[in-house]
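In what follows, a single structure is set out as structure tokens and then discussed.
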Number of protein chains: 2
Amino acid sequence: MADPQPQPRNTGAHVVYGELKRQILSLELKPGERIYEPAMATALQVSRTPLREAIRRLISESLLEQQATGGVIVPVLDQTAISELYDVRAALESLMAREACANATEADLEELRGIVARNAALVEFADEAMKYGVALHAAIARIAGNSWAQRFHEQIASQVERYRYFTNNAPERRDEALANHRLLVDAIASKDAEKAAKVAFDHVIGARDETLRVISSTGLVIE
Amino acid sequence: MADPQPQPRNTGAHVVYGELKRQILSLELKPGERIYEPAMATALQVSRTPLREAIRRLISESLLEQQATGGVIVPVLDQTAISELYDVRAALESLMAREACANATEADLEELRGIVARNAALVEFADEAMKYGVALHAAIARIAGNSWAQRFHEQIASQVERYRYFTNNAPERRDEALANHRLLVDAIASKDAEKAAKVAFDHVIGARDETLRVISSTGLVIE
DNA sequence: AGAAGTGTACTTGTATACAAGTATCCAACT
DNA sequence: AGTTGGATACTTGTATACAAGTACACTTCT
């Protein structure tokens, strides 16, 4: 919704963009792998022109990386990036929580409470719990109504997606997240912007530390 | 430095990108104006291919706008956007101030103090004062070392640049900014992350409100 | 054998030709 | 006169052909 291309005019470049993005986020295209235009173009059944357009767009989102030598590669996964990403995400979600305080109507609050309630009911199921966590953040973003914050947040979310394989979903983590979500919605309901901002910030920082802990224990991510 | 294209390999598309960006930020290309590829290509002495590459990149930075009908226009100036931009900027600068607290060496602090001192000495000259304000933020961004925050901050700065014509530089505003800068550097020096974050946030919010006040009084920006 | 130089194959960047879709303007008809 | 239809000119999207630069491998010379 905050996307620069409001309605994806069904052009070949857009299709290719979506397909490439999917392959990158799912790690189907392996980190460090180089993209050769002619081969990729034939693989995707288009000419180099729309493919290049898609590649350039992905580079601008750092989902591909232009190398100094001239080649284009899928960015490698590294631990520093995760920390930076979560920090920026914390700042953005904190801001959106703050702005949601100013804008939330009673209907909005009901929506938020409903999401948390469903989250609570399904907290024992990892994937469901995560889905409602995402839904809550999306709802807050919508209520906040800051298109730039939303847009940057979406870019951050795409980046984090690549590391999803490494994030765990331990039950105690889900309980903690649920508690934070309750606190957050309460703060928004009471129009306490400072508190909402702080709760959102600390919540994401907590997720960051947990993710870093898990990743360093597996030792799978390089650099 | 946080740019997706590390070294601008001297390709035509990059030159065109820089030139178009310059024209957009300086309002040489007027807000609302449509870009026709063939005409612009001949004007810039390149073919449509590198021009399109530059246009797409500018669209991804919201310095150009793809319309639903298919045309590309220079985005119009609107007051809501300013408010959103400053809010996100506040969140990002707040984060960078926080992270600068954790990372700043004694040499870094000396650099910050030096910038503020020069700012103080030249506070009566509007353009110089602004230059040092920018330098301070740039130094803090470097010290914070969060490439994503830097990158988003640069995009925000580009956007705000288009509204520069409307921002005033009243002497009392400059004094206030200088005072805030002193507070900010002191907070960073004392490693008080929470305070630094709050000072940076409030500082930018203050600038936002002042800018909005000036713009609404001139009544020049539309929509 | 090792190093250097040359040639070949392949990469990306650019120009141009072509196709498809859209708006505009004029004319003809109701 | 207003509206509708069609033809034309122009837009963007795509494919392909071409140019320039780079890396690699092979050969040759010391």
Side-chain angles (χ1 to χ4, degrees), chain A residues 3-24 29-76, chain B residues 3-24 29-76:
Chain A
D3 201 296
Q5 276 82 14
Q7 50 283 77
R9 330 217 319 286
N10 263 359
T11 170
H14 282 266
V15 177
V16 170
Y17 165 82
E19 174 60 17
L20 269 182
K21 182 170 178 177
R22 189 193 64 74
Q23 290 189 21
I24 294 167
L29 281 170
K30 301 209 187 322
E33 185 172 337
R34 181 167 174 185
I35 306 259
Y36 294 94
E37 294 178 4
M40 184 60 78
T42 56
L44 294 177
Q45 311 256 28
V46 289
S47 80
R48 280 178 58 214
T49 308
L51 171 64
R52 274 178 69 91
E53 186 171 322
I55 287 176
R56 294 312 184 178
R57 188 168 163 199
L58 289 163
I59 289 174
S60 81
E61 298 173 10
S62 284
L63 287 173
L64 285 178
E65 195 177 313
Q66 173 96 47
Q67 290 199 299
T69 66
V72 171
I73 65 167
V74 181
V76 296
Chain B
D3 202 296
Q5 276 83 14
Q7 49 285 77
R9 328 219 318 287
N10 264 359
T11 170
H14 282 267
V15 176
V16 169
Y17 165 81
E19 174 60 17
L20 269 182
K21 182 171 178 176
R22 188 193 65 72
Q23 290 189 22
I24 293 167
L29 280 170
K30 302 211 186 321
E33 184 172 338
R34 181 167 173 183
I35 306 257
Y36 294 94
E37 294 178 4
M40 184 61 79
T42 55
L44 294 177
Q45 311 253 28
V46 290
S47 80
R48 280 179 56 213
T49 309
L51 171 65
R52 274 178 69 92
E53 186 170 322
I55 288 176
R56 294 313 185 176
R57 188 169 162 198
L58 289 163
I59 289 174
S60 80
E61 298 174 10
S62 284
L63 287 173
L64 285 178
E65 194 176 314
Q66 173 95 46
Q67 291 200 298
T69 66
V72 171
I73 66 167
V74 181
V76 295

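Quick note on labels: first sequence line is chain A, next is B, and so on, each numbered from 1. This one's a predicted model, so the numbers in the text were calculated from it and none came from an experiment.
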Table of protein N/O atoms under 3.5 Å from nucleotides 16-24 of chain D N/O atoms:
from, atom 1, to, atom 2, distance (Å)
D:dT16, O4, A:Thr49, OG1, 3.4

Whole-Å gap separating [atom2] ([N]) and [atom1] ([X]):
X: A:Gln66; N: C:dT11; atom1: CD; atom2: P; answer: 16 Å
X: B:Glu53; N: D:dT12; atom1: CD; atom2: C1'; answer: 17 Å
X: A:Met40; N: C:dT12; atom1: CE; atom2: C1'; answer: 15 Å
X: B:Gln45; N: C:dA15; atom1: CD; atom2: P; answer: 11 Å
X: B:Gln67; N: C:dA23; atom1: CD; atom2: C1'; answer: 14 Å
X: B:Ile73; N: D:dT12; atom1: CD1; atom2: P; answer: 13 Å
X: B:Leu44; N: C:dT14; atom1: CG; atom2: P; answer: 13 Å
X: B:Ile35; N: D:dT11; atom1: CD1; atom2: P; answer: 13 Å

_Please classify the nucleic acid contact of B:Leu51 as base, sugar-phosphate, or nothing, using heavy-atom distances under 4.0 Å._
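Here B:Leu51 touches no strand at all.
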*If you look at every strand shown and take non-hydrogen atoms under 4.0 Å, does B:Ile55 touch a base, only sugar-phosphate, or nothing?*
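No contact.
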*asked:* If the condition is side-chain hydrogen bond (donor to acceptor under 3.5 Å, both in side chains), which residues does B:Gln23 pass it with, not counting sequence neighbours?
replied: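 B:Gln23: side-chain hydrogen bond (donor to acceptor under 3.5 Å, both in side chains) contacts with B:Glu19.
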*Mind checking what makes side chain to side chain contact (heavy atoms under 4.5 Å, CB included) contact with A:Thr42, not counting sequence neighbours?*
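Checked A:Thr42 against side chain to side chain contact (heavy atoms under 4.5 Å, CB included); zero matches.
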*Where is the tightest heavy-atom contact between A:Val74 and A:Lys30, given as atom of each residue plus distance?*
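So the two residues come closest at CB-O, 3.5 Å.
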*Nearest atoms (heavy-atom pairs only) where B:Gly12 meets B:Pro50*: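 Scanning both residues completely, I find the closest heavy atoms to be C-CB, 4.3 Å.
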*For D:dA15, does OP1 or OP2 lie under 4.0 Å from any side-chain N or O of A:Arg52?*
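Indeed not, no polar side-chain atom of A:Arg52 lies that close.
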*asked:* Any salt bridge linking B:Glu53 with B:Arg57? Criterion: basic side-chain nitrogen under 4.0 Å from a carboxylate oxygen.
replied: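 Judged by the 4.0 Å cut-off on N to carboxylate O distance, B:Glu53 and B:Arg57 do not form a salt bridge.
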_Interatomic spacing from CZ in A:Arg56 to CG in A:Leu51 - rounded to 0.5 Å_ =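 A:Arg56 CZ to A:Leu51 CG: 10.0 Å, rounded to 0.5 Å.
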*For the side chain of B:Pro38, starting at C-beta, report the closest nucleotide among D:dT11, D:dA15, C:dT14.*
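Nearest listed nucleotide: D:dT11.
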_Reference residue A:Met40; test side-chain contact (heavy atoms from CB on, under 4.5 Å); the match among A:Val72, A:Leu29, A:Val46, A:Val16_ =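 Only one of A:Val72, A:Leu29, A:Val46, A:Val16 forms a side-chain contact (heavy atoms from CB on, under 4.5 Å) with A:Met40, namely A:Leu29.
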